[in-house]
Peer 1: 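Encoded as structure tokens, here's the structure I'll be asking about.
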Amino acid sequence: MRPHWTAVNKDENVSLMDRTALSKPVEPRQNRALKTRAALLEAVETLVAAEGHEAVTTTRIAMETGTAVGTIYRYFVDREALLLAAYEATVKRIVTQCASKLEALPADLVATDAAQILLSHYLEAAESIPAHTGLLAAMRSIRPIEADQQGNNQTGITGDLLVPFFARYAPGARSLEPVQLRFLSVLVGTMVDLYLVTGDGSDRARLREEIEAHVVLMVERAGRENDDGIRQARLDQQR
């Protein structure tokens with residue numbers, strides 16, 4: 001009996017008999033599977049850099065990588081999941097680079113100066129990846145900003161950059177609380193995203209100034225809270 005078909009993203013078709021499998025993508029563990037998944041994400045990144053995220057379909061990626069469309073669905077639920085995974089892979093590379101830069105910064109730097117240096121490294125790393133802006137645009141069309149505030153895991157930008165930054169330059173600051181960290185991550189991240197997708201040079205310059213001003217304010221506030229915490233601790237010891 002011939003299977004029925006249902007339309008999915010970008011006018012691609014997949015058999016209804018495969019829908020159960022699509023809802024549970026495989027987490028690759030063996031080297032071959034890891035290489036296959038990495039090759040798919042690399043193809044997405046290359047295509048987005050050359051033609052934009054609208055050009056990405058599972059059929060096109062299958063053709064570019066020489067794999068079957070069904071193989072893609074083993075690792076990704078749909079086209080959107082494929083784009084989001086490619087975006088997150090670029091963010092991971094950016095964060096890894098910035099974490100190394102943060103580690104190399106002198107510990108006696110003024111906190112606001114360290115923050116501005118780290119911000120510059122982040123923007124430079126993001127702009128050095130040709131596909132990042134296109135993948136960012138795709139991500140924002142798929143995932144609402146509200147989703148960035150969900151969950152309690154301090155991973156990525158929050159866990160690998162904000163937490164160690166404040167631990168180093170404002171130890172004990174109340175802003176290290178998870179809820180506040182997520183808020184700061186979303187606030188600064190949204191402004192950075194807007195900067196990266198802005199094409200006009202003068203607009204970008206103004207946005208850069210705004211981002212730097214907000215980062216400085218954020219760090220200064222954390223520093224004040226840190227100083228208040230130290231003073232309170234000393235008072236508690238004297239009692």
Side-chain angles (χ1 to χ4, degrees), residues 8-12 22 25 27-28 34-65 67 69 71-101 118-151 153 155-162 182 185-201 203-204 207-208 211:
V8 293
N9 287 314
K10 285 290 183 178
D11 297 322
E12 294 169 350
L22 294 184
E27 185 66 31
L34 290 169
K35 289 180 180 179
T36 298
R37 187 179 188 278
L40 293 173
L41 295 180
E42 183 179 355
V44 171
E45 194 172 326
T46 300
L47 187 57
V48 170
E51 301 180 29
H53 67 85
E54 298 87 354
V56 175
T57 67
T58 54
T59 300
R60 178 72 182 275
I61 296 302
M63 180 181 68
E64 296 291 339
T65 57
T67 60
V69 171
T71 299
I72 297 176
Y73 285 120
R74 282 179 54 81
Y75 304 109
F76 305 100
V77 173
D78 54 21
R79 171 183 177 271
E80 291 184 351
L82 185 59
L83 284 165
L84 287 176
Y87 165 76
E88 289 165 1
T90 64
V91 172
K92 184 176 180 179
R93 298 207 305 272
I94 294 167
V95 170
T96 298
Q97 290 182 42
C98 290
S100 296
K101 296 290 186 181
L118 188 60
L119 173 64
S120 293
H121 284 315
Y122 188 95
L123 295 177
E124 289 170 6
E127 292 179 316
S128 71
I129 300 176
H132 182 68
T133 299
L135 288 168
L136 169 60
M139 183 275 290
R140 280 300 170 211
S141 70
I142 297 168
R143 188 171 71 197
I145 292 177
E146 291 82 357
D148 296 340
Q149 300 186 57
Q150 297 175 359
N153 295 326
T155 56
I157 293 174
T158 301
D160 296 331
L161 294 182
L162 289 182
R182 286 200 303 274
S185 178
V186 173
L187 176 64
V188 176
T190 301
M191 290 190 292
V192 167
D193 289 352
L194 181 58
Y195 169 85
L196 291 172
V197 298
T198 298
D200 183 84
D203 288 344
R204 282 169 67 89
L207 282 170
R208 177 70 175 262
I211 297 169

Peer 1: So which heavy atom on Leu207 is nearest to which on Tyr195, and how close?
Peer 2: CD1-CA, 3.9 Å

Peer 1: More than 12 heavy atoms of other residues, nucleotides or ligands under 6.0 Å from CD of Glu42: yes or no?
Peer 2: no

Peer 1: Using side-chain contact (heavy atoms from CB on, under 4.5 Å) as the criterion, list what pairs up with Ser185, not counting sequence neighbours.
Peer 2: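 With sequence neighbours excluded, Ser185 shows a side-chain contact (heavy atoms from CB on, under 4.5 Å) to Ile157, Thr158, Leu162, given in chain and number order.
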
Peer 1: Taking only residues two or more places apart in sequence, or in another chain, which ones meet Ala137 in a side-chain contact (heavy atoms from CB on, under 4.5 Å)?
Peer 2: His53

Peer 1: Measure the CZ-CG distance between Arg182 and Leu187 for me, rounded to the nearest 0.5 Å.
Peer 2: 14.5 Å

Peer 1: Holding to side-chain contact (heavy atoms from CB on, under 4.5 Å), I want the full list of residues that pass it with Leu118, two or more places apart in sequence or in another chain.
Peer 2: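 Partners of Leu118 under the side-chain contact (heavy atoms from CB on, under 4.5 Å) test: Cys98, Leu102, Phe165.
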
Peer 1: Report the distance from atom CG of Leu136 to atom CG of Asp193, rounding to the nearest 0.5 Å.
Peer 2: 4.5 Å

Peer 1: With rounding to the nearest 0.5 angstrom, report the CE to OG1 distance, Met63 to Thr58.
Peer 2: 11.5 Å

Peer 1: Kindly give the heavy-atom pair with the smallest separation between Val77 and Ala81, and that separation in Å.
Peer 2: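 Taking every non-hydrogen atom into account, N-CB, 3.9 Å.
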
Peer 1: Can you tell me how far CD1 of Ile142 sits from CD of Glu80, rounded to the nearest 0.5 angstrom?
Peer 2: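 Separation between the atoms: 4.5 Å.
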
Peer 1: Looking at side-chain heavy atoms only, is the closest gap between Met139 and Leu135 below 4.5 Å?
Peer 2: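 Not in contact.
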
Peer 1: Residues in side-chain hydrogen bond (donor to acceptor under 3.5 Å, both in side chains) with Glu124, at least two apart?
Peer 2: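 Glu124 satisfies side-chain hydrogen bond (donor to acceptor under 3.5 Å, both in side chains) with no other residue.
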
Peer 1: Compile the donor-acceptor pairs under 3.5 Å between side chains in residues 125-134 and protein atoms, sequence neighbours left out, one pair per line.
Peer 2:
residue : atom : partner : partner atom : Å
Glu127  : OE2  : Arg204  : NH2          : 2.0
Ser128  : OG   : Ala125  : O            : 2.7
His132  : ND1  : Thr90   : OG1          : 2.9

Peer 1: Leu47 and Ala55: which non-hydrogen atoms are nearest, and at how many Å?
Peer 2: CD2-O, 3.5 Å

Peer 1: Could you tell me which residues satisfy salt bridge (Lys or Arg N to Asp or Glu O under 4.0 Å) with Glu88, sequence neighbours excluded, listed by chain and number?
Peer 2: Arg143

Peer 1: What's the shortest heavy-atom distance between Leu40 and Phe76, and which atoms?
Peer 2: CD1-CE1, 3.9 Å

Peer 1: Using side-chain contact (heavy atoms from CB on, under 4.5 Å) as the criterion, list what pairs up with Thr96, not counting sequence neighbours.
Peer 2: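 If we apply the side-chain contact (heavy atoms from CB on, under 4.5 Å) test to Thr96, skipping adjacent residues, the hits are Lys92.
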
Peer 1: Enter the distance from Thr67:OG1 to Ile72:CD1 here, rounded to the nearest 0.5 Å.
Peer 2: 4.5 Å

Peer 1: Please list, chain by chain and in numerical order, all residues satisfying side-chain hydrogen bond (donor to acceptor under 3.5 Å, both in side chains) with Glu51, sequence neighbours excluded.
Peer 2: Arg60

Peer 1: Taking only residues two or more places apart in sequence or in another chain, which ones pass side-chain hydrogen bond (donor to acceptor under 3.5 Å, both in side chains) with Thr46?
Peer 2: none

Peer 1: Would you mind reporting whether Leu82 and Tyr73 have side-chain heavy atoms less than 4.5 Å apart?
Peer 2: no

Peer 1: Checking Ser120 now: which residues fulfil side-chain hydrogen bond (donor to acceptor under 3.5 Å, both in side chains) with it, not counting sequence neighbours?
Peer 2: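 In terms of side-chain hydrogen bond (donor to acceptor under 3.5 Å, both in side chains), with neighbours along the sequence ignored, Ser120 is linked to Arg208.
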
Peer 1: Give the minimum heavy-atom separation between Ala43 and Thr65, together with the two atoms involved.
Peer 2: CB-CG2, 3.5 Å

Peer 1: Is any side-chain heavy atom of Thr190 closer than 4.5 Å to a side-chain heavy atom of Leu194?
Peer 2: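 A side-chain contact is absent here, since even the closest heavy-atom pair is not under 4.5 Å.
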
Peer 1: Within the 4.5 Å heavy-atom criterion, are Glu45 and Leu41 side-chain neighbours or not?
Peer 2: no

